[in-house]
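Worksheet: one structure, shown below.
By convention here, the first residue in the shown sequence is residue 1.
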Amino acid sequence: MIYVIHAVRTKYIKVGVARNPARRLHSLQVSIPFDLVLLAVADWPQEWKTRIHHVLAGTRVRGEWFRRDERMDSLIKHMQDGGAPLEWVNSYSPPSRLHRVLALARAKACFDP
């Protein structure tokens, strides 16, 4: 399961994987001076964590901890709403090379007589 944990009164969010997110929350709480709260859990395959981390890379603080921003908020809502991971990742993934080339060709065709 993929989980999202927030360090209360901070802008820091952890995105990780655990079989039992509640137990993971408890184990993290022992070593962190902030109260932690579990914001979202999704029964998504473990390999999606890497893709999610890639999308959030610009806000990475350290390891699995990120600064909260609009992408993170959309991930949390998507997980809470029961959405599929591919939908969220695709909404933030850059277009493929082929997609960019076709878009450029269409744009050029608009300007050529």
Trace of the side-chain contact (heavy atoms from CB on, under 4.5 Å) decision for Leu38 with Val4: CA-CA 6 Å; Leu38 189 61; Val4 176; over 6 Å; no
Is there any side-chain hydrogen bond (donor to acceptor under 3.5 Å, both in side chains) pair reaching into residues 28-47, and which pairs are they, with sequence neighbours excluded? none
Using only atom types and a distance under 3.5 Å, with no angle test, would you say the side chain of Arg71 pairs donor to acceptor with the backbone of Val55? yes
To the closest 0.5 Å, what do you measure between CD1 (Ile52) and CH2 (Trp88)? 6.0 Å
Nearest-0.5 Å distance, CD1 of residue Ile2 to CH2 of residue Trp48: 9.0 Å
Indicate if Met1 and Met72 have the same hydrophobic cluster label, given that clusters are the connected sets of ILVMFWY residues with side-chain heavy-atom separations under 4.5 angstrom. no
May I ask whether Leu86 and Val17 are part of the same hydrophobic cluster, defined by side-chain heavy atoms of I, L, V, M, F, W, Y residues being less than 4.5 angstrom apart, directly or through others? yes
Quick one: side-chain hydrogen bond (donor to acceptor under 3.5 Å, both in side chains) pairs with a partner in residues 7-18, sequence neighbours left out? Tyr3-Lys14, Lys14-Glu64
Each residue besides Val30 in its hydrophobic cluster should be listed here, by chain and number; the cluster joins Ile, Leu, Val, Met, Phe, Trp and Tyr at side-chain heavy-atom distances under 4.5 Å. none
For the hydrophobic clusters of this structure (ILVMFWY residues joined by side-chain heavy atoms under 4.5 Å, transitively), does one cluster hold both Leu25 and Ile32? yes
Donor-acceptor list for residues 77-85 side chains, cut-off 3.5 Å, not counting sequence neighbours:
{"residue": "Lys77", "atom": "NZ", "partner": "Asp81", "partner atom": "OD2", "Å": "2.7"}
{"residue": "His78", "atom": "NE2", "partner": "Ala84", "partner atom": "N", "Å": "3.4"}
{"residue": "His78", "atom": "NE2", "partner": "Ala84", "partner atom": "O", "Å": "2.6"}
{"residue": "Gln80", "atom": "NE2", "partner": "Leu39", "partner atom": "O", "Å": "2.8"}

Test of understanding: with side chain to side chain donor-acceptor pair (under 3.5 Å), list the residues that count as partners of Thr59, not counting sequence neighbours. none
Residues forming a side chain to side chain donor-acceptor pair (under 3.5 Å) with Asp73, sequence neighbours excluded: Arg68
Is there a path of hydrophobic side-chain contacts, each under 4.5 Å between heavy atoms, that joins Val37 and Phe34? no
Supply the atom-to-atom distance Ile13 CD1 to Leu75 CG, rounded to the nearest 0.5 angstrom. 9.5 Å
Nearest 0.5 Å, what's the CZ-CG distance between Arg24 and Leu36? 10.0 Å
Donor-acceptor pair, Arg62 side chain versus Trp65 backbone, under 3.5 Å? no
Check whether Ile76 and Val8 end up in the same hydrophobic cluster, where Ile, Leu, Val, Met, Phe, Trp and Tyr are linked by side-chain heavy atoms less than 4.5 Å apart. yes
Just verifying a value: how many Å separate His54 NE2 and Arg60 CZ, rounded to the nearest 0.5 Å? 10.0 Å
I would like to know whether Leu56 and Val15 meet side-chain contact (heavy atoms from CB on, under 4.5 Å); could you show each step before the answer? CA-CA 10 Å; Leu56 299 172; Val15 178; 4.2 Å; yes
Residue set satisfying ring-ring contact (aromatic ring centres under 6.0 Å, His included) with His53, at least two apart, ordered chain then number -> Phe66
